[in-house]
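Okay, structure first, notes after.
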Amino acid sequence: MRTQETFPVTPDARLAAARIASVDALRGFSLLGILVVNIAFLASGYRMAGLAEPAFHSSLDWGVRWVVTLFLENKFYLLFSFLFGYSFTLQVDSARRQGRPFAPMFLRRLAGLLLLGLAHAVLLFPGDILTTYAAVGLALLVFHRIRPRTAVLLAVALTLLLALGFVLLAVLATAGLDMSGTVADGTAEAAASDTALGGGFWQIVSEHLRKLSLIIVLRVVFQGPAVLAACLIGLAVGKLGALRELSKHTGTLRRLQWIGFTVGLPGAFFYTLSAWGGAVHKFWGEAVDLVTAPLLAAAYAATFLRLLPHLPRLGRALAAPGRMALSNYLAQSLVCSLIFTGYGLALVDRVSPPLEVLIALALFTVQVLYSRWWLKGHRYGPVEWLLRFLTYWRRPVN
């Protein structure tokens, strides 16, 4: 009688206990990109409604919007999702080496992520990604025996299916069907959102709940499958053990750079052109971006990993926040909420896009310094410690 389920072991499993510095640094790099993108949505009810902030219309304001949309938007959450899938394989290996049943532990971990994500979405930022990871994690558990090649093919199929869905929406919108309402119905509601976000605790929470009820379809139909596709690529790479010996995969990294930048940048440019247009343009832009953004994200990762050996100080700086990415991700939303909502300064829609980026860079710099200081005396970040407690149901040694 079997007492536990067995899971396949990835190559070089004996090394899985040691953290891979390049992976931590890549996670820190992704966290920075996510912050620069998210801060605009944390700072404005208009951006959450898919509109530009009316108070800021200078050339510099628009230049920053374009740069962030072109180079960052929809790229770095895919990188983060890729690393979630990759880390899944490390957790499987760790459980196998320790002789622990993996599925119960991972389910408790997903439950912890779900609780953290719900609290984050309701209290701080309805654009939370943790609840999506909790759902996608269940799919990873189902697909844990999948072969790397099959995982990649499934990820490609999911991506193409999503893109086809947006092509269909674009065709329907062209035919005259009004499908533009997703997060807010225009300027009036965006202004009402600003008022709520600048109010008291219950006003803020009520506004977050309203937004959640409106974007849940987008989460299920768009973000969930896109995140799953990126996680499946991470799962495949983890099963192959590719990130442990990067020197053996220089040719692959070069090909990712060549293909990713050649196809990804024109796709990102098309998406940026469409992002500020009507529903038809946005749907076509989303369709193109779904196919090309993963390639550009892969090119970013390949470039970063190739440069990392030549920039050891940068790698060490980014690895620290990467090791406690969950704590830093939640802290970013907390600090931004204190700046932009009625929890604190209530500067919603009073900060220009260039200043938002500067605030993001300053906040991340503080997180780098804090993370390095914290990790000198602790093995895990504070939220990571809590999640490990929920996962293993015992007090972690910190």
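Here the structure is a predicted model, which is why all the values come from computation and not from measurement. Computation of the quantities below employed the complete heavy-atom set of this structure, encompassing side-chain atoms and omitting hydrogens, waters and symmetry-equivalent molecules. Along the sequence shown, residues carry numbers from 1.
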Are [X] and [Y] connected, step by step, through hydrophobic side chains (Ile, Leu, Val, Met, Phe, Trp, Tyr) whose heavy atoms are closer than 4.5 Å?
X      : Y      : answer
Leu32  : Val357 : yes
Leu161 : Leu228 : no
Leu308 : Tyr300 : yes
Ile359 : Leu345 : yes
Leu290 : Phe261 : yes

Looking at [X] and [Y], what are the two nearest heavy atoms and their distance?
X      : Y      : value
Ala319 : Ala21  : CB-O, 4.2 Å
Phe80  : Ala325 : CZ-CB, 3.8 Å
Gly342 : Ile204 : N-CD1, 3.6 Å
Leu107 : Leu138 : CD2-CD2, 3.6 Å
His57  : Pro54  : CD2-O, 3.4 Å
Lys282 : Ser274 : CG-O, 3.4 Å

Just by distance, no angles: are the side chains of [X] and [Y] close enough, under 3.5 Å, to form a donor-acceptor pair?
X     : Y      : value
Asn74 : Tyr271 : yes
Arg27 : Ser30  : no
Ser94 : Gln98  : yes
Ser44 : Asp194 : no

message = As a quick check of understanding, evaluate side chain to side chain contact (heavy atoms under 4.5 Å, CB included) for Val64 and Val68, giving each step before the final call.
response = CA-CA 6 Å; Val64 170; Val68 172; 4.2 Å; yes
Mind checking whether [X] and [Y] have side chains closer than 4.5 Å, heavy atoms only?
X      : Y      : value
Phe56  : Ser352 : yes
Pro266 : Thr292 : no
Arg306 : Arg254 : yes
Leu35  : Phe76  : no
Thr69  : Val37  : no
Phe102 : Leu141 : yes
Phe88  : Leu83  : no
Phe340 : Leu197 : no

To the nearest 0.5 Å, what is the distance between [atom1] on [X] and [atom2] on [Y]?
X      : Y      : atom1 : atom2 : value
Leu295 : Leu78  : CG    : CG    : 10.5 Å
Cys231 : Tyr86  : SG    : OH    : 14.5 Å
Cys336 : Leu124 : SG    : CG    : 10.0 Å
Leu140 : Leu232 : CG    : CG    : 6.5 Å
Ser337 : Leu123 : OG    : CG    : 9.0 Å
Tyr380 : Leu387 : OH    : CG    : 11.5 Å

Partner of Tyr133 by ring pair (Phe, Tyr, Trp, His ring centres under 6.0 Å), out of Tyr77, Phe106, Phe84 = Phe84
Is a side-chain N or O of [X] found less than 3.5 angstrom from the main chain of [Y], in a donor-acceptor match?
X      : Y      : answer
Asp61  : Ser58  : yes
Tyr343 : Gly198 : no
Lys239 : His144 : yes
Lys75  : Leu70  : yes
Arg108 : Thr391 : yes
Ser327 : Val383 : yes
Gln367 : Asn328 : yes
Ser193 : Glu189 : no
Thr195 : Ala191 : yes

note = So the ring pair (Phe, Tyr, Trp, His ring centres under 6.0 Å) pairs with at least one residue in residues 205-260 (sequence neighbours excluded) are Phe166-Phe222
For Arg65, the option from Glu356, Glu53, Glu73 that meets salt bridge (Lys or Arg N to Asp or Glu O under 4.0 Å) =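 Per the salt bridge (Lys or Arg N to Asp or Glu O under 4.0 Å) rule, the option paired with Arg65 is Glu53, out of Glu356, Glu53, Glu73.
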query = side chain to side chain contact (heavy atoms under 4.5 Å, CB included) between Phe269 and Trp66: does it pass, once the steps are laid out?
reply = CA-CA 9 Å; Phe269 184 71; Trp66 271 68; 4.2 Å; yes
ask   = Could you go step by step and tell me if Met105 and Trp393 meet the side chain to side chain contact (heavy atoms under 4.5 Å, CB included) rule?
value = CA-CA 9 Å; Met105 289 191 302; Trp393 213 238; over 6 Å; no
query = After noting the C-alpha distance and the side-chain angles of Arg109 and Leu390, does the key distance pass the side chain to side chain contact (heavy atoms under 4.5 Å, CB included) rule?
reply = CA-CA 6 Å; Arg109 184 180 183 85; Leu390 295 173; over 6 Å; no
query = Do Phe41 and Phe125 make the cut of ring centroids closer than 6.0 angstrom?
reply = no
